[in-house]
Novice: 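What follows is a single structure, and I will ask about it in a moment.
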Protein chains: 2
Amino acid sequence: MFRQAKQSRVYQDVVEQIQEAIVTGKLKTGDQLPAERDLKERFQVSRGTLREALRVLEQKGLIEIRTGVAGGSIVKGVGTEQVSASLGLLIRYKKVSLQNLAEFRIGLEGDIAALAARRADTEDLVKLKALLSAAGDHLANGPDHWDSFITTDEQIHLKIAETTRNPLFISVLESLSWNIHTYYESFLPKDEELMKENHQDMVQLIAAIEAHDSEEARRIAREHVRRFSAYMEKQKVK
Amino acid sequence: MFRQAKQSRVYQDVVEQIQEAIVTGKLKTGDQLPAERDLKERFQVSRGTLREALRVLEQKGLIEIRTGVAGGSIVKGVGTEQVSASLGLLIRYKKVSLQNLAEFRIGLEGDIAALAARRADTEDLVKLKALLSAAGDHLANGPDHWDSFITTDEQIHLKIAETTRNPLFISVLESLSWNIHTYYESFLPKDEELMKENHQDMVQLIAAIEAHDSEEARRIAREHVRRFSAYMEKQKVK
DNA sequence: GGTATCTAATGGTCCAACCATTACTATCAT
DNA sequence: ATGATAGTAATGGTTGGACCATTAGATACC
């Protein structure tokens with residue numbers, strides 16, 4: 001019913017004023033805030049208090065702070081990084097298992113593929129095919145290029161997510177990929193046979209997207225993630 | 001290829017040490033950190049620097065700070081609040097539309113329903129039916145109880161998510177619901193006919209879950225969210 | 001014309017003091 | 001005894017001032 005009474009913490013007021021200016025567009029991405037010693041005068045607070053406010057804004061991803069002359073706080077706008085970061089923290093804290101991640105990802109990538117198949121335009125397809133061909137090259141160039149292959153493979157997944165034009169799909173997938181990479185890297189497939197299979201999946205998936213066959217795209221994507229995850233699970237047991 | 005070189009900002013080091021202790025479980029929810037004047041000695045930093053670190057941790061939702069004797073920093077653990085908050089910022093900044101939310105939710109709830117149908121046990125079904133019956137009562141009691149109906153409806157959705165036993169589904173759905181409620185509350189359906197329809201959807205959905213018919217559950221859930229979202233979109237235009 | 005050095009502005013850190021809030025305690029009136 | 005009241009001390013919140021570290025631009029030098 002009621003919210004907690006407003007805490008009269010000075011720095012919080014400073015945070016709100018600046019945040020509001022950014023969210024409402026009075027401050028635009030790239031704009032530079034006055035120097036700390038100026039701002040402290042304008043807000044009539046001490047420098048320490050002002051700095052606590054800036055720390056909070058930085059943590060929210062709204063500003064970026066650089067040192068040196070001509071340094072200072074520049075406005076970053078609002079991006080998806082914070083969603084990814086907080087989701088990542090949640091994953092680590094809740095000790096979300098590889099299996100949980102995989103299960104979620106199967107559904108997510110399926111939905112993404114289905115939507116992408118409906119919305120892909122020529123430009124999307126050009127970029128996807130370029131990535132696909134790059135991945136194929138890396139695969140053909142032998143074991144030394146397998147890391148590049150895996151990186152490119154991830155880029156393909158991300159590009160497909162971008163094709164949905166929906167920032168939610170993009171940032172959630174980003175966060176998931178990042179977390180899998182960071183915490184389960186050692187289980188990633190380093191097996192040539194499997195990588196070839198993965199590559200074949202991608203070829204088929206992109207073909208389905210090009211044909212705007214959304215249910216087929218969903219099916220392929222789900223099967224792809226499922227196989228990939230099963231392999232990782234097997235690695236883990238070893 | 002390379003990540004940005006580690007910035008030698010003292011407060012950042014303090015943040016990482018405390019955050020690591022929390023995430024790895026050395027510090028548990030409810031634990032109290034030493035007083036600022038103690039901590040500053042342990043980390044060998046000034047009080048100002050320490051406070052910047054605490055501000056960041058507070059912003060991340062990892063600790064809560066209370067004033068007064070016996071006050072101090074207490075560990076909060078990691079919840080979905082931060083994910084919700086950063087998502088909320090994106091919504092306000094107009095990077096995520098109601099349509100984006102709806103689209104994402106259709107996929108998510110479909111996957112959740114399908115999984116829930118596979119995993120629901122007797123206990124889950126008992127709870128779901130209890131909620132369902134409560135929702136039916138609220139609906140029958142007239143307009144004064146419509147808010148209760150909506151609340152109960154959300155609880156049903158959440159309970160279904162819990163039935164998946166996967167914290168990712170639960171957290172993401174929670175975060176989504178919270179944001180829809182907060183930023184699009186005025187578009188929520190207040191129409192009796194529609195609410196009855198929603199309730200019917202729930203009856204069917206839970207029946208499908210009980211029958212462990214996962215694809216049918218998915219279909220119903222998707223259709224349900226789709227209709228619900230379409231109504232909200234229409235309200236918005238009005 | 002290029003290179004090295006200096007300069008000044010800016011963020012980062014530290015210190016010491018005092019204010020504001022609040023759980024606990026001692027006191028006092030009933 | 002008991003309940004209200006005032007005092008006390010610990011804790012976070014804020015302030016002002018000083019100095020350090022970093023860096024873009026100006027200057028001097030070769």
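In what follows, chains carry the letters A, B, and so on, assigned in the order in which the sequence lines appear, proteins first and then strands, with residues in each chain numbered from 1.
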Novice: Nearest 0.5 Å, please: how far is CD in B:Gln82 from OG in B:Ser175?
Specialist: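 Here the rounded value is 10.5 Å.
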Novice: Side-chain donor-acceptor pair under 3.5 Å between A:Thr152 and A:His138, yes or no?
Specialist: yes
Novice: For B:Gly72, which contact category applies under a 4.0 Å heavy-atom criterion: base, sugar-phosphate, or nothing?
Specialist: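 The answer is sugar-phosphate, as B:Gly72 gets under 4.0 Å only of primed atoms, P, OP1 or OP2.
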Novice: For C:dT13, take OP1 and OP2 only and decide whether either is under 4.0 Å from a side-chain N or O of B:Arg47.
Specialist: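 No, because none of the side-chain N or O atoms of B:Arg47 sits under 4.0 Å from OP1 or OP2 of C:dT13.
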Novice: Identify whether any heavy atom of B:Thr67 sits under 4.0 Å from a base atom; if not, whether one sits that close to sugar-phosphate; answer base, sugar-phosphate or nothing.
Specialist: sugar-phosphate
Novice: Give a yes/no answer on whether the side chain of A:Thr49 brings an N or O atom under 4.0 Å of OP1 or OP2 in D:dT15.
Specialist: yes
Novice: Looking only at the side chain of B:Arg37 (C-beta and beyond, no hydrogens), which of the listed nucleotides C:dA9, C:dG12, D:dG13 gets closest?
Specialist: D:dG13
Novice: Can you check the A:Leu50 CG to C:dG11 P distance for me, whole Å?
Specialist: 9 Å
Novice: Using a cut-off of less than 4.0 Å, is there contact between a side-chain N or O of A:Ser46 and OP1 or OP2 of D:dT14?
Specialist: no
Novice: Do the side chains of B:Glu103 and A:Arg119 get close enough for a salt bridge, i.e. N-O under 4.0 angstrom?
Specialist: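 Looking at B:Glu103 and A:Arg119, the cut-off is met.
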Novice: Within this structure, what is the CZ-to-C1' distance between B:Arg66 and D:dG13, rounded to whole angstrom?
Specialist: 16 Å
Novice: Grab the CD1-P distance between A:Ile74 and C:dG11 for me, whole Å please.
Specialist: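 Spelled out: CD1 on A:Ile74 to P on C:dG11 is 12 Å.
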Novice: Taking atom P of D:dG13 as reference, at what distance in whole Å does atom CZ of A:Arg55 sit?
Specialist: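 Roughly 17 Å, once rounded to whole Å.
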Novice: Which nucleotide wins on minimum distance to the side chain of B:Ala35, given the candidates C:dG12, C:dC14, D:dG12?
Specialist: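 Looking only at heavy atoms from C-beta outward on B:Ala35, the closest nucleotide is D:dG12.
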Novice: For D:dT14, does either OP1 or OP2 sit under 4.0 Å from a side-chain N or O belonging to A:Arg9?
Specialist: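 Checking D:dT14 against A:Arg9, no side-chain N or O comes under 4.0 Å of OP1 or OP2.
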Novice: Rounded to whole Å, how long is the line connecting atom OH of B:Tyr11 with atom P of C:dT13?
Specialist: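 Rounding to the nearest Å, OH of B:Tyr11 and P of C:dT13 are 7 Å apart.
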Novice: Parallel, tilted or perpendicular: which one describes the rings of B:Phe169 and A:Phe104, with boundaries at 30° and 60°?
Specialist: tilted
Novice: Closer than 4.0 Å, any side-chain N/O of B:Arg51 to the OP1 or OP2 of D:dG13?
Specialist: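 Answer is yes, contact under 4.0 Å.
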Novice: How close or far is atom C1' of C:dC18 from atom CD of B:Glu36, stated in whole angstroms?
Specialist: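 Rounding to the nearest Å, CD of B:Glu36 and C1' of C:dC18 are 15 Å apart.
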Novice: In whole angstrom, what separates B:Glu58's CD from D:dG12's P?
Specialist: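 Value for this atom pair: 12 Å.
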Novice: For A:Leu54 and C:dT10, give me the distance from atom CG to atom P, rounded to whole Å.
Specialist: 14 Å
Novice: Quick one: are A:Ile63 and A:Ile74 in side-chain contact, heavy atoms under 4.5 Å?
Specialist: no
